[in-house]
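Here is the structure we will look at, set down as structure tokens.
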Protein chains: 2
Amino acid sequence: MTSVSTEPRDTDGPTPATAPTGGSAAQRERRRRILDATITLAAEGGFDAVQMRAVAEQAEVALGTLYRYFPSKIHLLVSALAREFTKDVDRSAIRATPGDTAHERIMYVLNRRTRALQKQPKLTEALVRAFMFADQSVTGEIHEVGTSLTTVIARAMHGTPTHGEVTEEEAAIIRIISDVWLSALISWVTGRMDEKDVEKSIDVAVRLLLR
Amino acid sequence: MTSVSTEPRDTDGPTPATAPTGGSAAQRERRRRILDATITLAAEGGFDAVQMRAVAEQAEVALGTLYRYFPSKIHLLVSALAREFTKDVDRSAIRATPGDTAHERIMYVLNRRTRALQKQPKLTEALVRAFMFADQSVTGEIHEVGTSLTTVIARAMHGTPTHGEVTEEEAAIIRIISDVWLSALISWVTGRMDEKDVEKSIDVAVRLLLR
DNA sequence: GACTGATGTAGAACGTGTTACAAGTCTAGA
DNA sequence: TCTAGACTTGTAACACGTTCTACATCAGTC
């Protein structure tokens, strides 16, 4: 309970594969099944449908095991989000982003991601709400998500899949764009913006920041 | 349950004072006691300490009555936030904001608000997390908060307490600043940023947007 | 003053996230 | 093979948000 150390893992026991790698093959497999079940349930019924007992049942693990792998529902959902975003980063590394200007390229990647999320509104609702609700204990997973997003935007900005250096100013701009995108996503999830509003608000932000 | 109307109030029954005004004096008084209890509990122990039974007890109303006034814990907390923010707006209407440039004035009001929030970290945590977790049913209260924030920034931008017109572009800039401020606040609440980071990130955003 | 409908009260009950625990199973090393 | 310890299972229990029920109170109307 007194986990005040800076790194939240490995403080008090033999907790297994909190990280995607490590552990036995059976453990990695269990972890995969759990995250798959999470995504499936979230896609069907959103945040409320991701019930720990249901996830455990669908993943064919005991409830206690589920909690051994993911210490809370929020950790579980944010980890699922992190896994999805990581896939995106890998994809963005393969080829250059289409578009002639930084503005066009950034809008391309963000809109593509936005539309993908909007095709699965329930899933998005679950993941975004978990992300927003996360407290200090989820710092690691949150950071992973942030890094993925930053990397993708940075690559789009430069137009190359290579991981070029970014200046201080560019980093600041990227952070602001991320903030705006996330805020817009929240507004969309909670029904305060429609798809057009989301694209528009990001477009305006990018235009103002890159001028 | 089928409250798809644009205005969420008065759809299905004799629900009393959802709005701050209206109802008998005794009802306004109960509403005030409930929100006071909410703020007190939140200030002491944060989101988790705002337990519906505890709020009801401290406000000296029955649990059922509490739910009649505020249909969920989230509504309750966001309403409390809205009340606090409204006080701010009233204050900002009284006198001009100090500062020679829009940048200085905006930073002045946002930093003042930020520091006030940081003096009561538990309270802020409770309010911000509720705000983030709010779903569609809380649209009204959320909108109230957003309007307050926008108004305060707009006044600071122009340097006058009068409610002058804002251009499309100014409105867009204000929205982005709000987004950044909120994101920074979340990061601070969840321990991913310290006070300096918050001020800095807003300062950078304002500088980039007002240049 | 008595009736009536809305409002408030007290407390039980339910659902779901989380924790606890006893017992079974698997793995590494002797 | 045997044993120790970690891991997994199944299940019960607990906490808190939320709902429900039966009764009390209060305001307005006859």
Side-chain angles (χ1 to χ4, degrees), chain A residues 1 3 10 12-18 22-34 37-38 41-42 45-80 126 129-130 133-135 137-138, chain B residues 1 10 12-18 22-34 37-38 41-42 45-79 126 129-130 133-135 137-138:
Chain A
M1 292 303 169
S3 62
D10 290 337
D12 58 27
T15 305
T18 297
S24 69
Q27 284 174 336
R28 283 197 304 277
E29 171 66 12
R30 268 191 211 96
R31 188 187 148 93
R32 188 191 58 71
R33 284 208 312 274
I34 291 171
T38 302
L41 288 168
F47 187 86
D48 291 340
V50 181
Q51 299 183 358
M52 299 305 269
R53 290 173 181 82
V55 171
E57 186 180 359
Q58 177 149 344
E60 299 183 87
V61 298
L63 188 56
T65 304
L66 172 53
Y67 272 95
R68 178 183 275 271
Y69 280 70
F70 300 96
S72 78
K73 175 170 173 171
I74 299 296
H75 280 84
L76 175 59
L77 279 164
V78 176
S79 297
R129 301 214 16 226
F133 203 62
D135 70 350
S137 72
V138 201
Chain B
M1 295 300 168
D10 290 337
D12 58 26
T15 306
T18 297
S24 69
Q27 284 175 335
R28 282 198 304 278
E29 170 64 15
R30 266 191 212 97
R31 187 187 148 92
R32 188 192 58 72
R33 284 208 311 275
I34 292 171
T38 303
L41 288 168
F47 187 87
D48 291 340
V50 181
Q51 299 184 0
M52 299 305 269
R53 290 174 180 83
V55 171
E57 188 180 357
Q58 177 149 343
E60 299 184 84
V61 297
L63 189 55
T65 305
L66 172 54
Y67 273 96
R68 179 184 276 271
Y69 281 71
F70 300 96
S72 78
K73 174 171 173 170
I74 300 296
H75 281 84
L76 175 59
L77 280 165
V78 176
S79 297
R129 297 198 41 210
F133 203 62
D135 70 350
S137 72
V138 201

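All values below were derived from every heavy atom in this structure, side-chain atoms included, with hydrogens, water molecules and symmetry-related copies excluded. Chain identifiers are assigned alphabetically (A, B, ...) following the order of the sequence lines, protein sequences preceding nucleic acid strands; residue numbering begins at 1 within each chain. Given the structure is predicted, the values throughout are model-derived calculations rather than measurements.
When side chains are defined from C-beta on, B:Arg129 counts as touching A:Asp135, because their heavy atoms get closer than 4.5 Å.
Between A:Phe133 and B:Phe133, the ring planes lie tilted relative to each other; the angle falls in the 30° to 60° range.
We find that CG of B:Leu63 is positioned 15 Å from C1' of C:dT7, with the value rounded to whole Å. Between B:Tyr69 atom OH and D:dT18 atom C1' there is a gap of 19 Å when expressed in whole angstrom units. Distance CZ (B:Arg30) to C1' (C:dT9): 10 Å, rounded to an integer number of Å. Summarising the geometry, the separation between CG on A:Leu66 and P on D:dC7 is reported as 16 Å, rounded to the nearest angstrom. Rounded to a whole Å, the CZ atom of A:Phe133 is 14 Å from the C1' atom of C:dT18. Computed from coordinates, the B:Lys73 NZ to D:dA15 P distance equals 16 Å when rounded to whole Å. Rounding to whole angstrom units, CZ of residue A:Phe47 and C1' of C:dT16 are separated by 11 Å. B:Leu77 places its CG atom 14 Å from the C1' atom of D:dC16, with the value rounded to the nearest Å.
For A:Ala62, taking side-chain heavy atoms from C-beta onward, the closest of the listed nucleotides C:dT7, C:dT19, D:dG10 is D:dG10. Closest to the side chain of B:Arg68, from the set D:dT9, D:dT11, C:dG8, is C:dG8.
At least one test fails for B:Arg31 against the ring of B:Tyr69: distance under 6.0 Å to the centre or angle within 45° of the axis. Remark: A:Lys73 qualifies as a cation-pi partner of A:Phe47 under the 6.0 Å distance and 45° angle criteria applied to the six-membered ring.
How far CD of A:Gln58 is from CD1 of A:Ile34: 11.5 Å, rounded to the nearest 0.5 Å.
Taking both residues in full, the closest heavy atoms of A:Ala49 and A:Leu41 are given as CB-O, 3.8 Å, listed atom of the first, atom of the second, then distance.
Contact check, A:Tyr67 against C:dA20: no side-chain N or O comes under 4.0 Å of OP1 or OP2. The phosphate of C:dG8 (OP1 or OP2) has a side-chain N or O of B:Gln27 nearer than 4.0 angstrom.
When the nearest nucleotides of DNA chain C are assigned to B:Val61 and A:Ser72 by heavy-atom distance, the more 5′-ward of the two goes with B:Val61.
For B:Glu29, the CD atom is densely surrounded, since the number of other residues' heavy atoms within 6.0 Å is greater than 12.
Within a heavy-atom distance below 4.0 Å of DNA chain C, the residues of residues 51-60 of chain B found are B:Arg53, B:Glu60.
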